[in-house]
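Along the sequence shown, residues carry numbers from 1. Atoms considered below: every heavy atom in the structure, side chains included; atoms not considered: hydrogens, waters and symmetry mates.
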Amino acid sequence: MVCNKCKLNTPPLEGRGCQSAKLMLIGWNPGIEEKEQGEIFVGPSGKLLDKILEELQIKDKIYLTNTFKCYTKTISSVYIKNCKNFLLDEIQKIIPKIILLLGAVPIKSLLPTEVGSSITQMRKRIFQFKDDKLIIVTYHPAFILRQGGETSPSYEKLKEDIKWGWDLAIQTKIEVKEKLDYRLITEKGDLIGLLEYLSKKPIVAVDFETNTKVTKNLFQKGAKPLCISLCGDIGKSYGIPLDY
């Protein structure tokens, strides 16, 4: 891989694993160990991930790659933009059935309209991607390490999500049901992400949910607004409880 789009001056690192994998895992970027060894997922996060893959007996059946192809300490929309074509080419080359995004950075690259949601809210959902490929989401191994590694409750959740991704990948047919996607925003970071997402929309629908036992009309006497609902895309709505 040859790249001169950024000024990182580090060699870009491609993914590794099964070239015909049905399940592709996408992380953030190469760490310092990866930069030194010239291979991705060889540091602490990679070792944790390898342990899970070995426990599930699928280590040689999946493909690993990163959103950023070079070592960097910072998250930048510039890096996401510059590396996206490399990532899309990689997806087109491997042609996975299921793409599992590890953490927020690959979500910002491949599911930018979902950045107003937390990983916890996005887990166990299936997102439609290009050419019948499907995306699911889980925590990055680095997050698990910060919580205590194998002793973290999220360790089993990560393992559970990877197993689910593999089970989906080997199914002959996956049914994705279209339904209204309504999520509550209760964290400051999610709220900021939601407002940034909505600010780019030409039209935003707004609604107030009230204490309907008294009245459904916000402007009638005794009405108490409980939640603001916002919508920037058909089928996707977000609720902000005013108690928060």
Please report the interatomic distance [atom1]([X]) to [atom2]([Y]), rounded to the nearest 0.5 Å.
X	Y	atom1	atom2	answer
Gln37	Ile32	CD	CD1	11.0 Å
Arg125	Ile135	CZ	CD1	11.5 Å
Ile136	Leu25	CD1	CG	8.5 Å
Met122	Leu101	CE	CG	7.5 Å
Ile52	Glu160	CD1	CD	11.5 Å

Listing, residues 39-47 side-chain donor-acceptor contacts under 3.5 Å, not counting sequence neighbours, or none:
unit_1, atom_1, unit_2, atom_2, d
Ser45, OG, Ala142, N, 3.4
Lys47, NZ, Val42, O, 2.7

List the residues meeting side-chain hydrogen bond (donor to acceptor under 3.5 Å, both in side chains) with [X], not counting sequence neighbours, and say none if there are none.
X	answer
Ser154	Gln147
Glu150	Lys51
Arg123	Asp161
Lys84	none

Test of understanding: with side-chain contact (heavy atoms from CB on, under 4.5 Å), list the residues that count as partners of [X], not counting sequence neighbours.
X	result
Asp190	Ser118, Gln121, Ile185, Glu187
Lys81	none
Ile203	none
Asp207	Glu209, Ser229

For Thr67 and Tyr79, test the side chains for any donor-to-acceptor distance below 3.5 angstrom and give the result as yes or no. no
State, without any angle test, whether Asn66 and Tyr71 hold a side-chain donor-acceptor pair at a distance under 3.5 Å.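 The answer is no; no qualifying pair exists.
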Quick check: do [X] and [Y] have side-chain heavy atoms less than 4.5 Å from each other?
X	Y	answer
Asp50	Lys59	yes
Thr65	Phe86	no
Ile26	Leu100	no
Arg146	His140	no
Ile91	Phe129	yes
Tyr197	Leu230	no
Leu23	Tyr63	no
Leu168	Leu134	no

Heavy-atom pair with the smallest gap, counting every atom of [X] and [Y]:
X	Y	answer
Pro141	Leu102	CD-CD1, 4.2 Å
Pro96	Ile99	CG-CG1, 3.8 Å
Pro30	Cys70	CD-O, 3.4 Å

Kindly say whether [Y] contributes a backbone atom to a donor-acceptor pair with the side chain of [X] at under 3.5 angstrom?
X	Y	result
Gln19	Gly17	yes
Ser109	Pro106	no
Thr138	Leu158	no
Glu90	Glu14	no

Apply the test side-chain contact (heavy atoms from CB on, under 4.5 Å) to residues Leu110 and Phe127: give CA-CA distance (whole Å), side-chain angles for both, the deciding distance (0.1 Å), then the verdict. CA-CA 10 Å; Leu110 298 184; Phe127 301 87; over 6 Å; no
Report, as yes or no, whether the 6.0 Å neighbourhood of atom NZ on Lys93 holds more than 12 heavy atoms from other residues, nucleotides or ligands. no
Using a cut-off of 6.0 Å, state whether more than 12 heavy atoms not belonging to Lys133 lie near its atom NZ. yes
Between Lys69 and Leu87, is the side-chain contact (heavy atoms from CB on, under 4.5 Å) condition met? List the steps. CA-CA 9 Å; Lys69 303 307 177 184; Leu87 183 59; 4.1 Å; yes
Not counting sequence neighbours, which residues clear salt bridge (charged side-chain N to carboxylate O under 4.0 Å, His left out) with Lys108? List them please.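 Lys108 satisfies salt bridge (charged side-chain N to carboxylate O under 4.0 Å, His left out) with no residue once adjacent residues are dropped.
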By salt bridge (charged side-chain N to carboxylate O under 4.0 Å, His left out), which residues pair with Asp167, not counting sequence neighbours? Lys163
Is [X] linked to [Y] within one hydrophobic cluster, defined over Ile, Leu, Val, Met, Phe, Trp and Tyr using a side-chain heavy-atom separation of less than 4.5 Å?
X	Y	value
Ile107	Leu88	yes
Val206	Leu195	yes
Ile62	Ile95	no
Ile228	Ile192	no

Run the side-chain contact (heavy atoms from CB on, under 4.5 Å) check on Phe68 and Val105 step by step: do they pass? CA-CA 9 Å; Phe68 301 161; Val105 176; 3.9 Å; yes
Contacts satisfying side-chain hydrogen bond (donor to acceptor under 3.5 Å, both in side chains) that involve residues 20-34 (not counting sequence neighbours) are none
